[in-house]
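Owing to the predicted nature of the structure, the values given are computational and were not obtained by experimental measurement.
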Amino acid sequence: MTPTFKPLTTPELAEIVARGGRLEVLGRGTKRGLGRPLQADTVLDMSGFKSISLYEPEELVLEAGAGTTLNDIEKALSKNEQQLAFEPPDYSKMLGTRDSGTLGGVMASGLSGPRRIKAGAARDHILGIAGVSGRGEIFKAGGRVVKNVTGFDVSKLMVGSFGTLAALTSIAVKVVPAAATEETLVFSGLSDARAVQAMSLAMQSACDVSGAAHLPGTPAQTLFRLEGIRPSVNYRRQKLASHLKIFGAADYLDDQDSRLQWKAIRDVHLLSNDDARFVWKLSVTPSKGAETVARISKQLDVQYFYDWAGGLIWLGVPRSNQAYAYIIRNCVRDGHATLMRAEDDVRERIEVFQPQNPALSALTQRVKTSFDPSGVFNHGRMYKDI
């Protein structure tokens, strides 16, 4: 059994890191199934850094330990009718874990939900960080206020790094007021290509759409979420229905049903129940979404749906020892493909993340060396030799 260290203070963490050896940086373990499997000497349990150290609702700023659970953060925000704008997803059903994990985990994984098309990605909402580098050095970057951009790029660099650069102890993020209500406009029976056209038109409109997805089925449903105060939502729903009338008559979901539907989309429930399939996440140019799926469907039996107005494709494929990586990446000609759910031996065998060209790979290696020259943190989590 791999030994575990659980530091409770930053100096204690720095001392552990300085000893050397390969460490697996862990919060609650909910993202362990993402990326390549690790063979670490020691587990570095960061769940001890779990308090909300600063929350100023009037300034729209929250700072918390990286091990603070998203559930605790969302509870604190809901008391002031606020939220994390990037709508962090909960992949516990897809990955078979107990909950949505921690603030550090969602930032390290760079995860964003359906509202990304309006509010931006997780990295757009991080203000500052504190942590320990692979040299055992304590550092800080950024700040607690929205206008403070000191070291801002270093903070952003940590988002999506999967814990390979540093062990973060604290993260400051922007928060936003939660919408008073929401409704979802629904068009039925559109083909993938027609749905992509409808989503493109909706995003170009002045209706302030905060979610656009297409769910193939019988019948297929194309969904547009509108959030805000009720009079505004009602007005924009009518305007959007008129704007998209060439796609047929529209129905709509009220507030409660809309929230349930977008939670299922955000958390990939549509592909989570079928254990006979591996799951891929494809990021493409939205206008190319339908043709990308069409190319793959000619060669594989797939289940899928679209989010981010066609720019995000969730794809379920039959199990295989290579997860059909060659076919999928050959068909994704304008974007990248990430394997999100597969067994450890498959994730060890293939490139989980989009393979990098030599120049980008060299840059990635230089960044890794700058923060973690000895390869202490999550070595090989993203790419085999990095």
Original post:
What residues form a side chain to side chain contact (heavy atoms under 4.5 Å, CB included) with Ser47, not counting sequence neighbours?
Top reply: Lys6, Asp45

**OP:** Compute whether any side-chain donor of one residue and acceptor of the other, for Arg381 and Thr164, lie under 3.5 angstrom apart.
**Re:** no

Original post:
Counting N and O atoms only, with roles assigned by atom type, does the side chain of Arg225 sit under 3.5 Å from a partner on the main chain of Ser210, one being a donor and the other an acceptor?
Top reply: yes

Original post:
Does His214 have any ring pair (Phe, Tyr, Trp, His ring centres under 6.0 Å) partners at least two apart in sequence or in another chain, and if so, which?
Top reply: Tyr306

Subject >> Partner of Ser100 under side chain to side chain contact (heavy atoms under 4.5 Å, CB included), chosen from Thr30, Leu111, Asn71, Thr69 >> reply: Asn71

**OP:** Kindly write out the residues that satisfy salt bridge (Lys or Arg N to Asp or Glu O under 4.0 Å) with Arg116, not counting sequence neighbours, or none if the list is empty.
**Re:** none

Original post:
Which side-chain hydrogen bond (donor to acceptor under 3.5 Å, both in side chains) pairs, counting each pair once, include a residue from residues 308-322, with sequence neighbours left out?
Top reply: Arg319-Glu343

Original post:
With sequence neighbours left out, which residue pairs that include part of residues 67-78 fulfil the salt bridge (Lys or Arg N to Asp or Glu O under 4.0 Å) condition?
Top reply: none

**OP:** Could you check if a side-chain atom of Val279 sits within less than 4.5 angstrom of a side-chain atom of Met94, using non-hydrogen atoms only?
**Re:** yes

**OP:** Specify the closest pair of heavy atoms between Ala85 and His125, including all atoms of both residues, with the distance to one decimal.
**Re:** CB-CE1, 3.5 Å

Subject >> From OG1 (Thr222) to CZ (Phe224), nearest 0.5 Å >> reply: 6.0 Å

**OP:** Would you indicate whether the side-chain heavy atoms of Leu62 and Leu54 approach each other to under 4.5 Å?
**Re:** no

**OP:** Taking the side chain as every heavy atom from C-beta outward, state whether Val25 and Met46 have any atom pair closer than 4.5 Å.
**Re:** yes

**OP:** Using only heavy-atom distances, determine whether the side chains of Gln82 and Tyr55 contain a donor-acceptor pair under 3.5 Å.
**Re:** yes

Subject >> Value rounded to 0.5 Å, distance of CZ in Arg230 from CG in Asp255 >> reply: 6.5 Å

Original post:
Without hydrogens or angle criteria, can the side chains of Glu227 and Thr181 be said to hold a donor-acceptor pair below 3.5 Å?
Top reply: no

**OP:** With sequence neighbours excluded, tell me which residues meet side-chain hydrogen bond (donor to acceptor under 3.5 Å, both in side chains) with Asp257.
**Re:** none

**OP:** Considering non-hydrogen atoms only, spot the tightest contact between Ser92 and Arg98 and give its length.
**Re:** CB-C, 4.3 Å

Subject >> Approximate separation, where rounding is to 0.5 Å, of Arg28 CZ and Thr68 OG1 >> reply: 11.0 Å

Subject >> Hydrophobic cluster membership, Leu168 vs Leu44, 4.5 Å side-chain cutoff >> reply: no

Subject >> All ring pair (Phe, Tyr, Trp, His ring centres under 6.0 Å) counterparts of Tyr383, not counting sequence neighbours >> reply: none

Subject >> Modelled atom types, side-chain donor and acceptor of Arg366 and Ser370, under 3.5 Å >> reply: no

Original post:
Under a 4.5 Å side-chain heavy-atom rule over Ile, Leu, Val, Met, Phe, Trp and Tyr, are Val284 and Val352 clustered together?
Top reply: yes

Subject >> Side-chain H-bond candidate by donor/acceptor type, Thr184 with Gln261, under 3.5 Å >> reply: no

Original post:
Say you draw a straight line from CG of Leu84 to CZ of Arg115; how long is it, rounded to the nearest 0.5 Å?
Top reply: 9.5 Å

**OP:** Run the salt-bridge test on Arg266 and Asp90 with the 4.0 Å N-O cut-off and return the result as yes or no.
**Re:** no

Original post:
Take atom CD in Glu12; do more than 12 heavy atoms of anything else shown fall under 6.0 Å from it?
Top reply: yes

Original post:
Quick one: do the Ser258 and Glu183 side chains pair a donor with an acceptor below 3.5 Å?
Top reply: no

Subject >> Phe377: ring pair (Phe, Tyr, Trp, His ring centres under 6.0 Å) partners, not counting sequence neighbours >> reply: none

Original post:
Do Asp372 and Leu165 have side chains that get closer than 4.5 Å, going by heavy atoms?
Top reply: no

Subject >> Closest contact, heavy atoms only, Ile328 versus Ala337 >> reply: CG2-CB, 4.0 Å

Original post:
For Phe247, what residues pass the ring pair (Phe, Tyr, Trp, His ring centres under 6.0 Å) criterion, not counting sequence neighbours?
Top reply: none

Original post:
Tell me, do Trp262 and Asp307 make a side-chain contact under 4.5 Å, heavy atoms counted?
Top reply: yes

**OP:** State yes or no: are the ring centers of Phe353 and Phe162 separated by less than 6.0 Å?
**Re:** yes

Original post:
Counting only heavy atoms not in Lys50, do more than 12 fall under 6.0 Å of its NZ?
Top reply: no

**OP:** Return the minimal non-hydrogen interatomic distance between Ala14 and Ile138, and the atom names on each side.
**Re:** CB-CG1, 4.0 Å

**OP:** Would you tell me whether Gln221 and Ser188 have side-chain atoms, one donor and one acceptor, within less than 3.5 Å of each other?
**Re:** no

Original post:
Would Ile126 and Val176 show up in the same hydrophobic cluster when neighbours are defined by side-chain heavy atoms closer than 4.5 Å?
Top reply: no

Original post:
What pairs with Ser133 under side-chain hydrogen bond (donor to acceptor under 3.5 Å, both in side chains), at least two apart in sequence or on another chain?
Top reply: none

Subject >> side chain to side chain contact (heavy atoms under 4.5 Å, CB included) involving Thr42 - partner list, sequence neighbours excluded >> reply: Pro3, Phe5, Leu23

Original post:
Among pairs that include at least one residue of residues 275-288, which meet salt bridge (Lys or Arg N to Asp or Glu O under 4.0 Å), considering only residues two or more places apart or in two chains?
Top reply: Asp274-Arg277, Arg277-Asp301

